[in-house]
2 protein chains.
Amino acid sequence: MSHKKITITDVALAAGVSVATVSLVLSGKGRISQTTSERVNHTIDQLGFVRNRQASSLRGGESGVVGLIVRDICEPFYAEMTAGLGEMFEAQGKVLFLLQSGPAASGLARCFDTLLTHGVDGIVIAGGIHYLDEKMRAKAVEQGVPLICASRSGGTEGVDLVRPDNMQAAKMATEYLIRKGHKQIAYLGGLGNSLTRAERLGGFCATLLQYGLPFRSEWIIECDYQHRLAADAAEDLLRRYPKISAIVCHKSSVALGAYFGVLRTGNQVAGGSLNSLFQKQVALIGIEDSPELALTEPPLTAVSNSAREIGHTTARRLLLRLAGQNLETQDIIIHSTIIERGSA
Amino acid sequence: MSHKKITITDVALAAGVSVATVSLVLSGKGRISQTTSERVNHTIDQLGFVRNRQASSLRGGESGVVGLIVRDICEPFYAEMTAGLGEMFEAQGKVLFLLQSGPAASGLARCFDTLLTHGVDGIVIAGGIHYLDEKMRAKAVEQGVPLICASRSGGTEGVDLVRPDNMQAAKMATEYLIRKGHKQIAYLGGLGNSLTRAERLGGFCATLLQYGLPFRSEWIIECDYQHRLAADAAEDLLRRYPKISAIVCHKSSVALGAYFGVLRTGNQVAGGSLNSLFQKQVALIGIEDSPELALTEPPLTAVSNSAREIGHTTARRLLLRLAGQNLETQDIIIHSTIIERGSA
DNA sequence: TTGAAAGCGATACCAA
DNA sequence: TTGGTATCGCTTTCAA
């Protein structure tokens, strides 16, 4: 018993005007008299008419849909970036297709085709952008669909890219520790094949050099996303090199892990009240913030991840392209700020 | 210089067949000879043709699009549920519209209209479902668009709902503590107006009664999402009622906060090695797991949030409805499991 | 200011 | 097994 769907024809009939008029009222384009406009609008919500965007975009206009391909929406960074994107687009009356590419290369290509077939106006690729190949690029150009990447690390050719300034973030973190008087600083976390990590390490090392501090490669420790390993690694590092007085943590989960690692060594995390003069204090700072870091005692200072801002900026950039602007491809770098919480 | 878009007409022309034939090849419906089929397929990817789904769904078919309205994608629970939904739908060749309704009631209605206008085949509402009113319900029915809710707590009428079993989750958590020998158990976290909390409290109280344990309303403490407050609340609670030996935590962030609260009182969290016989041990258990809970020393036991499974189940249910099954509206309840980590 | 009519790209029915 | 063609709902000239 599905009530026959209401179309502009029905509206036109009921309002006693032509379909063309209804269409004009809908889009607010032609000059329509006050009275007609009101009458049409009235019949529209009397009949419960909903405009069919598929039909309108078929005829010529935009679809009002942008596609987002994200590797894994569960990663807080991408979740927040997605939220930022969504906010911005929804404010423009656009809506987001969300596809998850997963870890495999084939995922991206599959998502890409799906989006094209659905007639999106533009595509945002977030994460896993190294899988973006020339073939996809070409296809996007051919279809006239602008492409833009948002990622945690750099490295694409001929495509707009919005990303955090990993180097600057690490620099800020390191300088923060140095200004607090630390001279023996280690870097903990991330895996060797991570581009993001490479960039952050760059900032870390450069800052040490800049301040004339020693750089020791044994103080740069890999450890993967499993929290517990970060704690182990921190503990091990501190036991082996008791001189270390501060650690730059590759990401927030590592910072949290390191926090527990420090406690296990019997030392204190710097910033809290000094309970004992016999305990050494180790300072921690995280790159990429997360709410959990506010929780420890003392709470941990971190560098913001700027995920939401990256989302906003990406959306704005894509909107420019959609507006038909002919722009050079560009890397847009979003800076981070320090979120000081009292650890030092 | 946008290359004119390739349509099936172009393909038909190039392959020397009719558009009807191409369409049949595309959908694999009519019986087409091997040779023709191959020739068509060949020209298709020679010309780089991409099928326009807007056009096909206009004519009659499904759009292959499902709308998802989520209050805030940044909440890990909903992020993971979204991931589960996406996986399932993508496996069926469907794609997800993601809209964020935000905290306001108006948000839901706006998202809802947007989705209808875009011609989605079905709609999933995740979170904020108490804003779902009769008007929207009616509109969905009128448009023939199945509606389904996925949420953390119950309470809708006439709409399919997939949700966790909050009561059972709290029951499990409480029983877990009781079996470890605890008799003085408190409940910490959540706000009074939360339905989810009400359900969990129900399970908590029922279990206490069932085991003949005392139920004291002063041991049921509200505290909001700010982590730090959870620590304060736990500390305060334990100082005021030193008899309390275990706490059921409303969610994972509260559990983490409570962990620090316990430490501040000078007590130990149960499960670790006994450092001192003079310290009391307080057991913690979280409802809704999160990776951070594996991090503390000792790691915290929790009840799984089953977010991904809720996503899967919701998707399956909607797919049934899309397949035209005429089903009774139903509440589907997903059970939780204990993730034991050694705290007790 | 409004109306009539020609498509947009794909589908599906009816013929051939 | 294939080909013509009306049709989906809407936009957009061009006339009235």
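Letters A, B, ... are given to chains in the order of the sequence lines, protein chains preceding strands, and every chain is numbered from 1.
For the side chain to side chain contact (heavy atoms under 4.5 Å, CB included) test with B:Lys94, the passing option among B:Val120, B:Leu85, B:Leu318, B:Asp121 is B:Asp121; the others fail.
In this structure a side-chain-to-backbone donor-acceptor pair under 3.5 Å is present from A:Ser33 to A:Thr36. A donor-acceptor distance shorter than 3.5 angstrom exists from the side chain of B:Glu90 to the backbone of A:Gln100, with no hydrogens or angles considered. When atom types are taken as modelled, the side chain of A:Thr82 and the backbone of A:Tyr78 share a donor-acceptor pair closer than 3.5 angstrom. Here the side chain of B:Asp10 pairs a donor or acceptor atom with the backbone of B:Thr7 at under 3.5 angstrom.
The side chain to side chain donor-acceptor pair (under 3.5 Å) check on B:Arg321 picks up B:Asp160, with sequence neighbours excluded. For the ring-ring contact (aromatic ring centres under 6.0 Å, His included) test, no residue two or more places apart in sequence or in another chain qualifies with A:Phe89. Annotation: salt bridge (charged side-chain N to carboxylate O under 4.0 Å, His left out) contacts of A:Arg137 (sequence neighbours excluded): A:Glu134, A:Glu157.
When DNA chain C is scanned 5' to 3' for any atom under 4.0 Å from a heavy atom of chain B, the first and last hits are C:dG9 to C:dA12.
Rounded to 10 degrees, the angle between the two end axes of the helix from C:dT1-D:dA16 to C:dA16-D:dT1 is 30°, with five pairs used at each end.
In terms of heavy-atom proximity, A:Glu328 sits nearest to A:Arg317 at O-NH2, 2.9 Å.
No side-chain donor-acceptor contact under 3.5 Å links B:Thr117 and B:Thr114.
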>> Counting primed atoms plus P, OP1 and OP2 as sugar-phosphate and everything else as base, spell out the protein contacts along nucleotides 9-15 of chain D at 4.0 Å heavy-atom distance: B, S or - for each nucleotide, 5' to 3'.
In response: BBBB---
